[in-house]
K.L.:
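Before I ask anything, let me first share the structure, which is written out below as structure tokens.
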Amino acid sequence: MTHANPSPDDDALLPLDAVRERPGPGRAARARPGVVRAAGVAREQGVAEQVRGVPEPAAELPVARVVVDTPLPHLDRLFDYLVPAPLDAAAVPGCRVRIRFAGKLVDGFLMERVETTEHQGRLTRLERVVSAEPVLTPEIAALARVVADHYAGTMADVLRLAVPPRHARVEAEAVAASGTGTDPRAESEAAEPSGEPGSERTAGEPETGEAGPRPPEPVRERREHGPGEEQGVVPGPGQGGDSEPERGPGPWADYREGEAFLAALAKGGSPRAVWTALPGTDQDGPGWPRAVAVAVRETLHGGRGALVVLPDGKDVALADAALSAVLGPGAHVALTADLGPAERYRRWLRLSRGQVRVAVGTRAAAFAPVADLGLAVIWDDGDDLHSERLAPYPHTREVLALRAHRARAGLLIGGYARTAEATQLIATGWAGPIVAARQAVRARAPRVRPAGEDSELARDEAARAARLPSLAWRILRTGLESGPVLVQVPRRGYLPALACQGCRAPARCGHCGGPFALRGGHVAPYCRWCGRIAGEWRCPSCGGARVRAQVVGARRTAEELGRAFPSVRVKTSGRDGVLATVGAARALVVATPGAEPVPEGGYAAAVLLDGWALLGRPDLRAAEETLRRWMNAAALLRPSAELVVLADSSLPVVQALLRWDPVTHAERELADRTELGFPPAVKMATLTGSPAGVREMLGEVALPPEAQVLGPVPVASPRGDQVRERAMVRIARGSGATLAAALKGAVGVRSARKAAEVVKVCIDPLDVI
DNA sequence: ACCGTGGAGGGT
DNA sequence: CCCTCCACGGTC
């Protein structure tokens, strides 16, 4: 930073009231290096003017363009403020400011300093520069803008996700550390051209002001400036040489396109790939974390930074460990929610200041300020944790795709299974596939055996009680002779959905199409959306009149399983209390999907009990999601270990698991959705709110003529009693930007008009029925 | 959201 | 002739 020992009462950090009390020449002399000005005199005058309430503006670039932190959609643009001379040095692009907006003091980010304003009328002055730390880099600012546009949201909402809250003490301590050299990593920073990240970084950044998001093109061209030209390859301490003796392809040797992908990263290219990872867990754990780390290493070798985003803390821990092993200590930072605000901000600052070039973390890390990004990785893009739950509900895959495209970085979408969305990226030619040879798949995949509903139950009394087929019981018992075994059970708290007894088609409400459920005590099923009781229900596909519950009580299954194997330790892992790992000792591990502990040396066997629950869900993604959860569990088995899935082998999804062929399944899924006009083949948006609000908005929104409106239909309300409805808007993929703009426009007009009924807009919603 | 403006209405 | 209250529209 600019000075060695900034104190909390640095004038740049304080409101002018405080400055007024202590106007000292010593303070005023601390100007930003590189901006030469005769500050002393002007500044003293400025302070004097302050006392009379008329600010003396900064001599150069006196206008600050500010993005204001307001939730109001119609105010989603930049506002101009006057930079008072005393704040001149601190008011750097990307810094946090406080401004008076509509009479209230609010937060904002200073986007740029300019000479003049378009605004007619007087400019208000910046009230305060919160800190001169340039936390909003031009790249992230531009990314937040395009993400907001893509999701019909506001830039301020996206920035709340992208930039962590400030922690003043951490900001100060880190400055002191890197300035005094007490930070063990400070030496690597000394190699950088400048101690001030803000000014240095802007040079290589893509233009921030370009119009709209470009459609992705299948480019694989080289970057304009070759690798290592500007800054040289700056390896972190401990990285390169000593800890990594040779740079082989490692796990990528198993994939046909693997080495080409690595080579493209190393020479500064922008390869984009959907990677279908090999299953199997052995002494070294699952293979994917190391593969990710090697791809990151190649990117660093090409002189650029990298970013890895994973669905949950368990996967972050795996990737974190692999990065430490491959890159050496201190070459990356891990960003997760459980760090607490101080440590999170501390690590985030190391990235933002260019002291570290690699970040790994959960979904908010998609916005981490990795400088000169060369590779973005998302693991398991089908996991709904990648979908942000705060407005405007961006998805990690989409954010990283937009970001990689803009930064001309590589993108790696990895997983055991494959989403229809990733398949679509391949279909359009924007990304290429990375798959292993069939022979390698056969060598690593488990041996899967289906046990349909009609299969024989175990003869053992306890196993019968747990509804275990004899095949499953035998395989678990055999597995338990050599190590831990896994039982995947449906998620706790899953409301049992109902299906036709005859053909197992999900039973839906005749009124609104919602799913039926059974409530404790009630005999008749009721609709979970509109609450109607299913009186005279008839299955639309086979005419049957009887329904069956899809789920056997989950927790009970776990308890009963324990009784079926009395001499074995039972460990559970689920929503509350996720177990990250289990040892190699014999144990029966009962886990819900996504919470399966990673076993040392791999599971010896597994049974997937939740097939009916997963497949019976009234959801567009039911089959894809089922295969994803099955494969994520099955990949934790030792190569060729035995696995039983309780589902009918005639189902395509069971076949895909048997053959370990997620690619064909995903291609078929995409083809089906294309035929039905479902996402990702088409663009979807939902409008949710009160019936009046949704109808009003549908009447106002200037939709393109080819847009198709479905509904509105009643939906379950989060807060019980009030009635809510949801409408869907469907349009061709290519018109996504037009649709988003139209919806944003309508939302803005409504908010400007202070329409009483707030309507929530969601683009690319996950829960399309 | 919140503030400032200005029109209408009633009181001075 | 002025004051106040509420509705409406802008927010640098």
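So that the names make sense, note that chain A is the first sequence line, chain B the second, and so on, each numbered from 1.
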K.L.:
Find the distance between NZ (A:Lys754) and CG (A:Leu72) and round it off to the nearest 0.5 Å.
P.N.:
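Reported value, rounded in 0.5 Å steps: 8.5 Å.
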K.L.:
Can you list, by residue number, the residues of residues 65-77 of chain A that have a non-hydrogen atom closer than 4.0 angstrom to DNA chain C?
P.N.:
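Within residues 65-77 of chain A, the residues near DNA chain C are A:His74, A:Leu75, A:Arg77.
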K.L.:
Can you check nucleotides 5-8 of chain C for protein contacts, nitrogen or oxygen pairs under 3.5 Å, and list what you find?
P.N.:
none

K.L.:
Mind calculating the distance between CZ (A:Arg122) and C1' (B:dC3) to the nearest angstrom?
P.N.:
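In whole Å, B:dC3 C1' and A:Arg122 CZ are 19 Å from each other.
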K.L.:
What is the distance, to the nearest angstrom, from the CG atom on A:Leu105 to the C1' atom on C:dT11?
P.N.:
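A:Leu105 atom CG is separated from C:dT11 atom C1' by 14 Å.
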K.L.:
Provide, to the nearest angstrom, the distance between the CD1 atom belonging to A:Ile99 and the C1' atom belonging to C:dC12.
P.N.:
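Taking atom C1' of C:dC12 as the reference, CD1 of A:Ile99 is at 9 Å.
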K.L.:
Atom CE of A:Met111 to atom P of C:dC12: distance rounded to whole Å?
P.N.:
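Going from CE in A:Met111 over to P in C:dC12 covers 18 Å.
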K.L.:
Under the side chain to side chain donor-acceptor pair (under 3.5 Å) test against A:Tyr345, which residue among A:Arg169, A:Arg166, A:Glu171 passes?
P.N.:
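Going through A:Arg169, A:Arg166, A:Glu171 one by one, the side chain to side chain donor-acceptor pair (under 3.5 Å) with A:Tyr345 is satisfied by A:Glu171 alone.
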K.L.:
With sequence neighbours left out, write down each residue that passes side chain to side chain donor-acceptor pair (under 3.5 Å) with A:Glu421, or none if nothing qualifies.
P.N.:
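Testing A:Glu421 for side chain to side chain donor-acceptor pair (under 3.5 Å), a comparison that skips the adjacent residues, returns A:Arg621.
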K.L.:
Do A:Asp157 side-chain atoms and A:Pro392 backbone N/O form a donor-acceptor pair below 3.5 Å?
P.N.:
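Flag not set: sc A:Asp157 to bb A:Pro392 has no pair under 3.5 Å.
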K.L.:
Hey, which of A:Val758, A:Val759, A:Val749 is the one that makes side-chain contact (heavy atoms from CB on, under 4.5 Å) with A:Met697?
P.N.:
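When A:Val758, A:Val759, A:Val749 are each tested with A:Met697, the side-chain contact (heavy atoms from CB on, under 4.5 Å) holds only for A:Val759.
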K.L.:
Between A:Arg750 and A:Glu757, is there a donor-acceptor pair closer than 3.5 Å when you use the side chain of the first and the backbone of the second?
P.N.:
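It does hold such a pair.
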K.L.:
What is the distance, rounded to the nearest whole Å, between atom CZ of A:Phe101 and atom C1' of C:dG10?
P.N.:
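Those two atoms, CZ and C1', are 9 Å apart.
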K.L.:
For the pair made of CG in A:Leu123 and P in C:dT11, what is the distance, rounded to whole Å?
P.N.:
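After rounding, the gap between these two atoms is 12 Å.
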K.L.:
Between atom CG in A:Leu126 and atom C1' in C:dC12, what is the gap in whole Å?
P.N.:
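In whole Å, C:dC12 C1' and A:Leu126 CG are 10 Å from each other.
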K.L.:
Is the centre of the A:Phe101 ring less than 6.0 Å from the centre of the A:Phe79 ring?
P.N.:
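Yes - the distance between ring centres of A:Phe101 and A:Phe79 falls below the 6.0 Å cut-off.
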K.L.:
With a 3.5 Å distance limit and no angle check, can you tell me whether A:Arg113 reaches the backbone of A:Asp88 through a side-chain donor-acceptor pair?
P.N.:
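Indeed, once roles are kept as given, a pair shorter than 3.5 Å links the two residues.
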K.L.:
Is A:Arg100 touching bases, backbone alone, or none of the nucleic acid, heavy atoms closer than 4.0 Å?
P.N.:
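Sugar-phosphate contact only - A:Arg100 comes under 4.0 Å of backbone atoms but never of a base.
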K.L.:
Under 3.5 Å, is there a donor-acceptor pair between the side chain of A:Arg403 and the main chain of A:Ala366?
P.N.:
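Yes, A:Arg403 side chain to A:Ala366 backbone: donor-acceptor pair under 3.5 Å.
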K.L.:
A:Arg98 CZ to C:dC12 P: how many Å, rounded?
P.N.:
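Rounding to the nearest Å, CZ of A:Arg98 and P of C:dC12 are 15 Å apart.
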